[in-house]
Amino acid sequence: MNHNGLTKVITYGTYDMLHYGHIRLLERAKKLGDYLIVAVTSDDFDKARGKFNVQQSLPERISAIQATGIADEIIIEEYEGQKIDDIKRYTVDIFAIGSDWTGRFDYLDEFCKVVYLERTEGVSSSQIRSGDRKIRMGLVGDTSEILIKFARECTFVNGIDVAGCFGRLPGLQKEFANIHNYQDYGELLKVVDAVYIAVNPYERKDYIKQALECKKHILCDPPVTVKKSDCERLFGMAKKNGCILMEGNKTAYALAFERLLLLLKSGIIGDIISVESTSTSLRNSFGGADSHMQKWGSITEWGPFAMLPVFMVLGCNYKEKIVQSKMSINGYDAFTKIEFIYNNAVGSIKVGTEVKAEGELVISGTKGYVYVPAPWWKMDYFEARFENPADNKRYFYQLEGEGIRYMVSSFNRTITGNRNFSMIPEKVSVEICNVIEDCHNGIDTRYI
């Protein structure tokens, strides 16, 4: 018993789409003592421990717990090992958890009493999420390499069922024999609710348009198109038809990238003066052994990734851009450097398919800077650095599936919910297409 005469009980959970089973479990936990503390897991911690299908935000889940009137206190679980810290901090007497975790938390016995509570039979948030909300997804592409990764990651997200594919994809067919390959794109669209499109960027517009005409939701590889006007029309068409059109840049969904943006907004490095991003590879396209796609240049392949942090941090309202490109013998840019000039800052990107450089991201401010090592677009770590090295701080975040499963989860939640969970604003997608189109037309470009 606690020193103040109260028996304190603590329990943990996500409490997504709060249902009768959750409430019965909380009621049982409350009866074990006099004071119940409910720890609700944060969005980031849920993702880090493999839960990518949570439908409600943390504030929504906390509000639902508060509305029951059962909890005396609500806290947030944010990191591995927090349970021991909480038990000590709140002088907890009893740790209570559902019986499906039996034995998992026996190690807490040395700190308090551990009680496993029987769950209400037949009630599950996972069943609710993956029942009548299930999305039938179609895969459309020119190369199996990309679609194999996507199909693998879909298996980690409740509510998504890959129902078929379209394209010459022997590698995908070999690994996923149960995914039917449709010989006609229109036939695939008849049996799915949504499509993931990873075709040649120069052909992408037509695939998106046809899917929208059939009122299908779309997640597509970046860039959405290679022309600003086409991108704007497609987003407009999606809204008119009540469809979701989301740019599938997996970097935007990496936990580290999300946390980096929040940290920058807090002013940790002061006013941001410069964002420098580099993305290169010694290849001309994403094509694999079974690819028949055309080759394209560095601004099309790497531009959407390199421009993402610039536009997300500094915005899209730059005053001027200066482009320098080296052309390849095939007529595309082998290397491109762009400087975006803002009123009080500058953004700089370097992209290349026939030139190799250190793929790092550096964001400079008036108090310090943030450094993300190569390959920054697969971000799971970054460091805030200051004049006094003793003040430097490192940030580590788990990255599963290169961010693809987080992206798929957000797409699913946007379709089934009443909120847009896309991490890339429409204006950013449109501006990326605008820059790519200008580069293709040689606007503001100096050739080296």
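The first residue of the sequence shown is numbered 1, and numbering continues consecutively from there.
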Q: Assess the residue pair Arg61 and Asp16 against the criterion (side chain to side chain contact (heavy atoms under 4.5 Å, CB included)); give the C-alpha distance rounded to whole Å, side-chain angles, the decisive distance to 0.1 Å, and a yes or no.
A: CA-CA 6 Å; Arg61 292 182 280 125; Asp16 187 34; 4.2 Å; yes
Q: What about the rings of Phe166 and Tyr182, do their centers lie closer together than 6.0 Å?
A: no
Q: So, do Asn392 and Phe386 sit near enough that their side-chain heavy atoms are less than 4.5 Å apart?
A: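 They are in contact (side-chain heavy atoms under 4.5 Å apart), so the answer is yes.
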Q: Output the distance between atom CZ (Phe150) and atom CD1 (Ile404), rounded to the nearest 0.5 Å.
A: 8.0 Å
Q: Do Lys326 and Glu354 meet the salt-bridge criterion of a basic N to acidic O distance under 4.0 Å?
A: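 So Glu354 does not pair with Lys326 through a salt bridge.
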Q: Run the side chain to side chain contact (heavy atoms under 4.5 Å, CB included) test on Ile74 and Tyr15 for me, step by step, so that the C-alpha distance in whole Å, both residues' side-chain angles and the decisive distance to 0.1 Å come before the verdict.
A: CA-CA 12 Å; Ile74 299 175; Tyr15 305 108; over 6 Å; no
Q: Are the side chain of Asp193 and the backbone N or O of Met137 linked by a donor-acceptor pair below 3.5 Å?
A: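 The answer is no, because no donor-acceptor pair under 3.5 Å joins these two groups.
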Q: Restricting to non-hydrogen atoms, name the atom on Ala357 and the atom on Thr278 that form the minimum distance, rounded to 0.1 Å.
A: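 Looking at all heavy atoms of both residues, the shortest contact is CB-CG2, 3.9 Å.
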Q: Is a salt bridge present between Asp230 and Arg233, judged by a nitrogen-to-oxygen distance below 4.0 Å?
A: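 A salt bridge is present here (some side-chain N lies under 4.0 Å from a carboxylate O).
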Q: Grab the two heavy atoms, one from Trp376 and one from Ser279, that are nearest each other, plus how far apart they are.
A: NE1-OG, 3.4 Å
Q: Donor-acceptor pair, distance only, cut-off 3.5 Å: does the side chain of Asn249 make one with the backbone of Pro222?
A: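 Looks like no, no N/O pair under 3.5 Å.
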Q: Let me know which of Glu383, Arg385, Glu276 forms a side-chain hydrogen bond (donor to acceptor under 3.5 Å, both in side chains) with Tyr369.
A: Arg385
Q: Between the main-chain N or O of Lys205 and the side-chain N or O of Thr225, is there a donor-acceptor pair closer than 3.5 Å?
A: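 No, Thr225 side chain to Lys205 backbone: no donor-acceptor pair under 3.5 Å.
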Q: Within the structure provided, determine whether Glu247 and Ser422 are in side-chain contact (heavy-atom separation under 4.5 Å).
A: no
Q: I need the minimum non-hydrogen distance between Gly248 and Asp221, along with the two atoms involved.
A: O-OD1, 4.2 Å
Q: Would the distance check show the side chain of Arg204 and the main-chain N or O of Val199 forming a donor-acceptor pair, the cut-off being under 3.5 Å?
A: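 Confirmed, Arg204 side chain pairs with Val199 backbone.
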Q: Just wondering, do Val40 and Ile76 contact through their side chains at under 4.5 Å, heavy atoms?
A: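 The answer is no; the side chains never approach within 4.5 Å.
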Q: Would you call Glu431-Lys427 a salt bridge at under 4.0 Å N-O?
A: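 No, no charged N to carboxylate O under 4.0 Å.
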Q: Do the rings of Phe311 and Tyr318 sit parallel, tilted or perpendicular, given the 30° and 60° boundaries?
A: parallel
Q: Please report the interatomic distance CD(Glu301) to CD1(Ile436), rounded to the nearest 0.5 Å.
A: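 One gets 11.0 Å once the value is rounded to the nearest 0.5 Å.
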Q: Between Tyr116 and Phe105, is there a donor-acceptor pair closer than 3.5 Å when you use the side chain of the first and the backbone of the second?
A: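 Yes.
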Q: I'd like to know if the side chain of Ser364 and the backbone of Ile273 have a donor-acceptor N/O pair within less than 3.5 Å.
A: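 Side chain of Ser364 to backbone of Ile273, a donor-acceptor pair under 3.5 Å: no, none is there.
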Q: For a side chain to side chain contact (heavy atoms under 4.5 Å, CB included) with Val313, tell me which candidate from Leu308, Val370, Val275 qualifies.
A: Val275
Q: May I have the step-by-step check of side chain to side chain contact (heavy atoms under 4.5 Å, CB included) for Ile338 and Cys439, ending in yes or no?
A: CA-CA 10 Å; Ile338 305 178; Cys439 287; 3.9 Å; yes
Q: Could you tell me whether the side chain of Ser144 reaches within less than 4.5 Å of the side chain of Glu175, counting heavy atoms only?
A: no
Q: Could you measure the distance from the CD atom of Glu203 to the CD1 atom of Ile197? Nearest 0.5 Å is fine.
A: 11.5 Å
Q: Please step through side chain to side chain contact (heavy atoms under 4.5 Å, CB included) for the pair Arg152 and Phe176, ending with a clear verdict.
A: CA-CA 9 Å; Arg152 287 172 181 166; Phe176 295 93; 3.8 Å; yes
Q: State whether the side chain of Asp161 and the backbone N or O of Ala163 hold a donor-acceptor pair below 3.5 Å, judged by distance alone.
A: no
Q: Would you compute the distance between atom NZ of Lys356 and atom OG of Ser281 and round it to the nearest 0.5 angstrom?
A: 6.5 Å
Q: Tyr395 vs Phe382 aromatic rings, parallel, tilted or perpendicular, using cut-offs 30° and 60°?
A: parallel
Q: Of all the heavy-atom pairs spanning Leu399 and Met379, show the shortest one and how long it is.
A: CD2-O, 3.8 Å
Q: Do side-chain atoms of Asp333 reach the backbone of Ser298 as a donor and acceptor pair under 3.5 angstrom?
A: yes
Q: Calculate, to the nearest 0.5 Å, the distance between atoms CG and CG belonging to Leu234 and Leu245 respectively.
A: 6.5 Å
Q: Quick one: does Asp271's side chain get under 4.5 Å of Asn344's, heavy atoms only?
A: no
Q: Quick one: does Tyr342's side chain get under 4.5 Å of Val310's, heavy atoms only?
A: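 Side chain of Tyr342 against side chain of Val310, heavy atoms only: contact under 4.5 Å found.
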Q: When rounded to the nearest 0.5 angstrom, what distance separates CZ in Arg136 from CD1 in Ile160?
A: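 With rounding to 0.5 Å, CZ (Arg136) is 11.5 Å from CD1 (Ile160).
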Q: Counting only heavy atoms from other residues, nucleotides and ligands, does the tally under 6.0 Å from CD1 of Ile448 exceed 12?
A: yes
Q: Are side-chain heavy atoms of Val351 and Phe305 found at a separation under 4.5 Å?
A: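 No - every pair of side-chain heavy atoms lies 4.5 Å or more apart.
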Q: With Ile135 as reference, evaluate Val192, Val157, Ile415, Val162 under the side chain to side chain contact (heavy atoms under 4.5 Å, CB included) test and give the passing residue.
A: Ile415
Q: Treating Asn241 as the side-chain partner and Leu212 as the backbone partner, does any N or O pair qualify as donor plus acceptor under 3.5 Å?
A: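 Pair found, side chain donor or acceptor close to backbone of Leu212.
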Q: Could you check whether the rings of Phe411 and His217 sit parallel, tilted or perpendicular, using 30° and 60° as the cut-offs?
A: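 Perpendicular.
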Q: Could you tell me whether the side chain of Val408 reaches within less than 4.5 Å of the side chain of Arg405, counting heavy atoms only?
A: no
Q: What I want to find out is whether Glu153 reaches Lys250 closely enough, with some N-O distance under 4.0 Å, to be called a salt bridge.
A: no
Q: Sub-3.5 Å donor-acceptor pair from the side chain of Asn420 to the main-chain atoms of Thr414, do we have one?
A: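 The answer is no, because no donor-acceptor pair under 3.5 Å joins these two groups.
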Q: How close do Tyr381 and Ala256 get, counting heavy atoms only, and between which atoms?
A: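 Taking every non-hydrogen atom into account, N-CB, 4.3 Å.
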Q: Which heavy atom of Ile299 sits nearest a heavy atom of Met307, and at what distance?
A: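 In terms of heavy atoms, the two residues are closest at CD1-CE, 4.3 Å.
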